[in-house]
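A quick write-up on the structure given underneath.
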Amino acid sequence: MNTTSDQPLIQLRGLTKTYGEGDSAFQALRGIDLTIQRGDFVAIMGASGSGKSTLMNLLGCLDRPTTGSYFYQDIPVHELDSDQRSLLRRHALGFIFQGFNLLSRTSALENVELPLLYRGMARKERRERASAALVSVGLGERIHSSPSALSGGQQQRVAIARAIVTEPSTLLADEPTGNLDSHTTDEIMELIRKLNTDRGITVLMVTHEDDVAARAKRIVRVRDGLLEPELTPAV
């Protein structure tokens with residue numbers, strides 16, 4: 001997807017999300033305005049129930065807003081149906097989760113290949129691209145290992161390789177270090193930082209850890225379905 005340098009990658013205006021109807025309705029988001037430029041690294045923080053997970057689901061095209069607009073480059077995501085959102089996810093977005101979400105009975109290589117298989121890519125090209133992605137995250141010697149033979153940090157590296165193998169414009173990370181010790185957290189955050197700085201991948205990361213959020217370029221806090229004044233991490 002090509003874009004001009006001054007065009008926002010993501011633009012949210014008046015975004016709301018309501019669950020349920022009538023007396024049981026709950027407004028998880030109450031009017032979000034947010035602009036994200038290509039190459040941003042944004043940490044999204046907030047207490048449980050603040051709306052941050054709902055916001056992340058909308059940004060990841062996993063759900064539609066109730067009202068308001070969401071533009072990904074010039075694509076009106078708020079107008080897309082589920083199949084169109086799925087197509088956008090497949091071609092523009094990569095996902096990293098706290099729980100790794102790897103298939104336990106397959107190798108690291110086969111896990112990373114999976115998004116390319118869904119695209120219908122030929123086996124030879126799938127293998128080459130998946131191998132290159134694993135090399136890029138420092139797992140070139142473990143491509144045939146199963147998740148059970150890898151440490152937590154190595155499993156998260158496999159998950160990162162799977163997220164970037166499709167060459168996404170945007171990486172969405174949901175508590176990517178939540179299951180890791182402090183040393184491994186540093187390693188994973190440095191890897192994500194390099195994907196942002198060296199490859200120009202835009203990163204949107206949900207975290208509850210202040211020291212992890214401090215690695216981002218911007219910190220967005222969600223409170224009661226609204227955004228608080230934005231913070232810039234100390235250099």
Side-chain angles (χ1 to χ4, degrees), residues 3 5-19 26-73 75-78 85 88-89 92-98 160 163 168-178 185-186 188-197 199-235:
T3 183
S5 58
D6 60 346
Q7 179 187 13
L9 178 67
I10 290 172
Q11 194 163 38
L12 311 181
R13 290 293 178 263
L15 209 69
T16 74
K17 182 63 182 180
T18 302
Y19 296 101
F26 170 70
Q27 194 168 24
L29 296 179
R30 299 190 291 126
I32 299 292
D33 294 332
L34 181 64
T35 299
I36 297 170
Q37 301 292 341
R38 178 178 290 275
D40 261 350
F41 185 169
V42 182
I44 301 172
M45 304 189 75
S48 178
S50 63
K52 69 180 186 302
S53 295
T54 299
L55 176 58
M56 196 68 156
N57 284 341
L58 294 178
L59 287 168
C61 302
L62 298 170
D63 202 355
R64 290 180 65 181
T66 303
T67 61
S69 62
Y70 169 14
F71 284 90
Y72 189 93
Q73 295 182 12
I75 300 172
V77 179
H78 54 283
R85 293 198 309 274
L88 180 58
R89 284 197 307 273
L93 308 178
F95 294 85
I96 306 171
F97 303 98
Q98 177 178 346
I160 292 171
S169 304
T170 304
L171 192 60
L172 293 98
D174 189 359
E175 300 281 5
T177 61
T185 289
D186 288 341
I188 293 300
M189 288 309 303
E190 179 62 14
L191 177 55
I192 292 174
R193 185 193 67 80
K194 286 184 176 180
L195 292 172
N196 174 249
T197 58
R199 296 199 187 188
I201 297 176
T202 303
V203 179
L204 309 177
M205 177 182 67
V206 165
T207 182
H208 67 276
E209 300 175 79
D210 289 331
D211 58 335
V212 170
R215 314 290 183 94
K217 297 174 181 175
R218 300 167 57 191
I219 298 176
V220 170
R221 293 185 183 272
V222 187
R223 182 184 177 90
D224 297 331
L226 295 168
L227 294 186
E228 293 187 335
E230 192 166 328
L231 301 176
T232 301
V235 177

Donor-acceptor pair, distance only, cut-off 3.5 Å: does the side chain of Asn196 make one with the backbone of Asp40? yes
Donor-acceptor contact present, side-chain Thr202 to main-chain Gly39, <3.5 Å: yes
Does the side chain to side chain contact (heavy atoms under 4.5 Å, CB included) test come out yes or no for Val220 and Leu227, once each step is laid out? CA-CA 7 Å; Val220 170; Leu227 294 186; 3.4 Å; yes
So Leu55 and Leu29, do their side chains get closer than 4.5 Å, heavy atoms only? yes
Ile192 vs Phe41 side-chain heavy atoms within contact, under 4.5 Å: yes
Hey, does Leu172 have a side-chain heavy atom less than 4.5 Å from the side chain of Met56? yes
How long is the gap from CG on Leu9 to OG1 on Thr35, to the nearest 0.5 Å? 11.0 Å
Ser169 vs Arg38 side-chain heavy atoms within contact, under 4.5 Å: yes
Minimum side-chain heavy-atom gap Met189-Val212 below 4.5 Å: yes
Taking the side chain as every heavy atom from C-beta outward, state whether Cys61 and Leu93 have any pair of such atoms under 4.5 Å apart. yes
Taking the six-membered ring for Trp, are Tyr70 and Tyr72 parallel (under 30°), tilted (30 to 60°) or perpendicular (over 60°)? perpendicular
Would you sort out whether Glu209 and Thr177 count as a side chain to side chain contact (heavy atoms under 4.5 Å, CB included), showing the intermediate values? CA-CA 9 Å; Glu209 300 175 79; Thr177 61; 3.2 Å; yes
Decide yes or no for Ile10 and Leu34: does some side-chain heavy atom of the first lie under 4.5 Å from some side-chain heavy atom of the second? no
Taking atom CD1 of Ile44 and atom NE2 of His208, what is their separation to the nearest 0.5 Å? 15.5 Å
Measure the shortest side-chain to side-chain distance between Leu171 and Ile96 over non-hydrogen atoms and say whether it is less than 4.5 angstrom. yes
When you measure from the side chain of Arg30 to the backbone of Asp224, do you find a donor-acceptor pair of N or O atoms at a distance under 3.5 Å? yes
Donor-acceptor pair, side chain of Arg64 and main chain of His78, under 3.5 angstrom: yes
Does Thr16 use its side chain to pair, donor to acceptor, with the backbone of Thr67 at less than 3.5 Å? yes
State whether Lys17 and Asp63 are salt-bridged, where the test is any N-O pair (Lys NZ or Arg NE/NH1/NH2 against Asp/Glu carboxylate O) under 4.0 Å. yes
Given 3.5 Å as the limit, does a donor-acceptor pair link the side chain of Arg13 with the main chain of Asp33, or not? no
Could you check Asp174, Leu59, Val222 and say which one makes a side-chain contact (heavy atoms from CB on, under 4.5 Å) with Val206? Asp174
Where Pro8 and Gln37 come nearest, the two heavy atoms and their spacing: CA-OE1, 3.5 Å
Quick one: pull up OG1 in Thr185 and CD1 in Ile188 and give me the separation to the nearest 0.5 Å. 8.0 Å
If I take atom NZ from residue Lys52 and atom OG1 from residue Thr207, how far apart are they, to the nearest 0.5 angstrom? 9.0 Å
Shortest non-hydrogen pair, Ala92 vs Pro168, comes out as O-CB, 3.4 Å
Any chance you could lay out the salt bridge (charged side-chain N to carboxylate O under 4.0 Å, His left out) test for Arg193 and Asp186, step after step, and finish with the verdict? CA-CA 10 Å; Arg193 185 193 67 80; Asp186 288 341; over 6 Å; no
Can you tell me how far the CE atom of Met205 sits from the CD1 atom of Ile219, to the nearest 0.5 Å? 8.5 Å
If I take atom OG1 from residue Thr54 and atom CZ from residue Phe26, how far apart are they, to the nearest 0.5 angstrom? 7.0 Å
